[in-house]
Each structure stands twice: as C-alpha cells, then as structure tokens.
Amino acid sequence: KQEVTQIPAALSVPEGENLVLNCSFTDSAIYNLQWFRQDPGKGLTSLLLIQSSQREQTSGRLNASLDKSSGRSTLYIAASQPGDSATYLCAPTGDMRFGAGTRLTVKP
Amino acid sequence: DTGVSQDPRHKITKRGQNVTFRCDPISEHNRLYWYRQTLGQGPEFLTYFQNEAQLEKSRLLSDRFSAERPKGSFSTLEIQRTEQGDSAMYLCASSLRGTGGKEKLFFGSGTQLSVL
C-alpha cells in the first residue's frame with residue numbers, strides 16, 4: 001500500500017517569497033502524480049498533474065517536479081501571495097492515497 | 001463538464017441514526033472514490049469503484065459503512081447507526097482511468113457530517 005509523506009506539515013512565509021513543498025511516496029510504480037490545494041471546509045482543487053514520463057510540469061507561478069526512482073515530488077511556488085494560503089496535498093495515481101498535506105500561510 | 005456533485009452539503013444527525021450521501025461524478029468517468037477527512041488531516045481513502053464494481057474497500061471501514069454504484073453512474077455512501085466519531089467531511093472524487101494508467105482526480109465539495 002502506498003504511503004505518502006509531506007514535509008513540512010506547516011509553513012508560514014512573508015508575501016513574495018519563493019517556497020518548496022515536498023512529497024515522498026513509498027511505491028515508485030506510479031503512472032503519474034497530482035498536486036491539489038484545499039481551502040478550509042472545501043473540496044480539493046487540482047493544480048498540476050505530472051505524468052510518469054515527465055520530470056516537470058508548470059502552471060503559472062507553480063512548478064512541480066517528479067523523480068519516480070527516488071519516490072519524490074516537489075511543488076515550487078514562486079512569488080507567493082496571501083491568496084496562496086491553503087493546504088497543499090499530493091497523490092500518486094493508481095493508488096490515490098494522500099498524505100496529511102502542507103498547510104501554507106502567506107503573510108501580507 | 002459539470003463537475004462532481006455531492007448532496008447534501010451538510011448533514012446533522014443524532015447518534016444511532018442512519019445517513020446516506022450521494023455523489024454524482026463527471027459523466028463518462030469510470031472511477032469513483034470516497035474519502036473521509038477530519039480537521040487537520042489529509043483525505044483518508046474509504047473505497048473506490050470502477051464502473052459499478054467496488055474494487056477496494058479500506059479495512060478501516062467498519063461494517064456500518066456501505067457504498068454502492070448500481071449503474072456505474074452516481075454512488076451512495078450509507079452509514080448505519082452513526083457514532084460521534086463518524087463526524088467528518090466525506091469527499092467524493094471521480095476520474096477517467098485510461099490506457100497506460102493516466103488518471104486525473106476531480107473532487108466534489110464534500111458532505112460535512114456532524115453526529116450529535
């Protein structure tokens with residue numbers, strides 16, 4: 001069974017900082033990996049999906065990388081804004097298990 | 001693409017009562033997942049369907065929980081004899097699992113259950 005770990009559990013940064021969120025998984029036999037954000041009391045919104053054949057995927061200020069062999073993915077957020085404050089979750093597909101996420105707070 | 005719909009959005013019930021939630025996935029999506037989420041935790045996998053077949057059920061799911069997807073479209077999750085520990089957000093997600101394993105999850109807004 002896939003085990004997903006996200007580090008750090010919580011992160012607080014001033015507006016404008018670049019930051020990196022980490023996701024590790026135990027079973028590298030995945031097809032792709034999806035990053036989500038979740039606002040309090042809401043469902044999950046998909047941010048990026050990286051296919052196993054890709055190493056990176058970009059959307060606006062977000063960049064996600066995937067290293068299947070080491071069981072790691074990172075989500076890079078450039079020039080963070082208060083509106084980025086949310087919980088960020090990753091899920092390797094095929095198993096669709098989640099870690100506890102990283103709770104991000106961006107202070108104005 | 002009308003998105004994944006969940007009904008109701010909120011449910012308050014008394015301990016011992018039965019509750020049923022409904023999820024309408026994106027049409028043509030063949031997979032449907034149910035998750036439970038408590039405050040500060042990530043979504044906890046409960047069960048999933050491929051079309052109408054229930055392919056996996058978490059061992060954390062007691063026999064008070066049952067899910068169905070009778071025609072491979074909408075799904076229901078029933079909790080019998082609710083307990084206060086069942087209070088949580090129940091999330092539904094759907095996907096189109098294609099050849100090669102490519103799959104992208106889409107989530108509904110969830111049903112918030114409060115057991116008094």
Side-chain angles (χ1 to χ4, degrees), chain A residues 1-11 21-25 27-54 57 59 64 66 68 75 86-105, chain B residues 1 3-10 21 23-26 29-50 55-60 87-114:
Chain A
K1 191 188 93 177
Q2 185 77 268
E3 299 279 341
V4 179
T5 304
Q6 290 190 245
I7 295 172
L11 183 62
L21 308 180
N22 298 290
C23 169
S24 61
F25 45 94
D27 185 353
S28 61
I30 66 169
Y31 294 106
N32 46 32
L33 184 141
Q34 202 168 349
W35 280 94
F36 299 86
R37 73 171 276 167
Q38 185 177 32
D39 295 293
K42 308 289 186 183
L44 281 68
T45 301
S46 181
L47 296 173
L48 289 164
L49 181 143
I50 314 176
Q51 296 183 44
S52 59
S53 57
Q54 300 175 305
Q57 185 70 253
S59 176
L66 176 63
K68 277 185 58 176
L75 179 67
T87 297
Y88 291 79
L89 298 134
C90 66
T93 56
D95 194 75
M96 296 304 184
R97 259 61 170 184
F98 286 84
T102 294
R103 189 173 68 254
L104 173 65
T105 303
Chain B
D1 180 353
V4 179
S5 298
Q6 290 189 246
D7 185 69
R9 290 294 308 274
H10 303 275
F21 310 139
C23 173
D24 286 273
I26 294 171
H29 277 191
N30 52 9
R31 284 202 170 183
L32 188 147
Y33 297 80
W34 284 101
Y35 294 88
R36 176 172 63 189
Q37 187 177 29
T38 53
L39 202 61
Q41 301 298 313
E44 176 186 27
F45 171 83
L46 294 179
T47 188
Y48 86 96
F49 295 84
Q50 171 113 355
L55 296 189
E56 187 177 355
K57 186 175 176 180
S58 169
R59 57 192 168 95
L60 299 175
S87 295
M89 173 79 85
Y90 289 83
L91 293 163
C92 175
S94 71
S95 68
L96 179 62
R97 174 85 171 206
T99 55
K102 183 177 178 180
E103 184 175 7
K104 183 175 181 180
L105 274 184
F106 294 83
F107 276 83
S109 298
T111 294
Q112 182 66 53
L113 173 66
S114 297

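Keep in mind the model is a prediction, meaning the values are calculated, not measured. Order of the sequence lines fixes the chain letters, A, B, ..., with proteins taken first and strands second; residue numbering starts at 1 for each chain.
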Considering only heavy atoms, which portion of [X] lies under 4.5 Å from any heavy atom of chain A: side chain, backbone, both, or neither?
X: Leu91(B); result: side chain
X: Tyr48(B); result: neither
X: Glu44(B); result: neither
X: Gln6(B); result: neither

Neighbour count above 12 (heavy atom, 6.0 Å) for Leu55(B) CG: yes
Lys42(A) atom NZ, neighbour heavy-atom count above 12 within 6.0 Å: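 For Lys42(A), atom NZ is not crowded (no more than 12 foreign heavy atoms under 6.0 Å).
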Atom group of Gln38(A) that falls short of 4.5 Å from chain B, counting heavy atoms: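 Side chain only.
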Leu44(A), part contacting chain B, at a heavy-atom distance under 4.5 Å: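 Answer is both: backbone and side chain atoms of Leu44(A) are under 4.5 Å from chain B.
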Largest heavy-atom contact set with chain A, pairs under 4.5 Å, which of Arg9(B), Met89(B), Glu56(B), Arg31(B):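 When all of Arg9(B), Met89(B), Glu56(B), Arg31(B) are compared, Glu56(B) has the most.
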Best-contacting candidate, Pro43(B), Gly42(B), Gly40(B), against chain A by heavy atom pairs under 4.5 angstrom: Pro43(B)
Find the distance between [atom1] ([X]) and [atom2] ([Y]) and round it off to the nearest 0.5 Å.
X: Phe98(A); Y: Tyr35(B); atom1: CZ; atom2: OH; value: 4.5 Å
X: Leu105(B); Y: Gln34(A); atom1: CG; atom2: CD; value: 5.0 Å
X: Thr87(A); Y: Gln37(B); atom1: OG1; atom2: CD; value: 8.0 Å

For the student: nearest non-hydrogen atoms of Lys104(B) and Ser46(A), plus distance: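 In terms of heavy atoms, the two residues are closest at CE-OG, 3.5 Å.
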Max heavy-atom pair count under 4.5 Å with chain B, selected residue of Gln51(A), Gln6(A), Arg103(A):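 The option with the most such pairs is Gln51(A).
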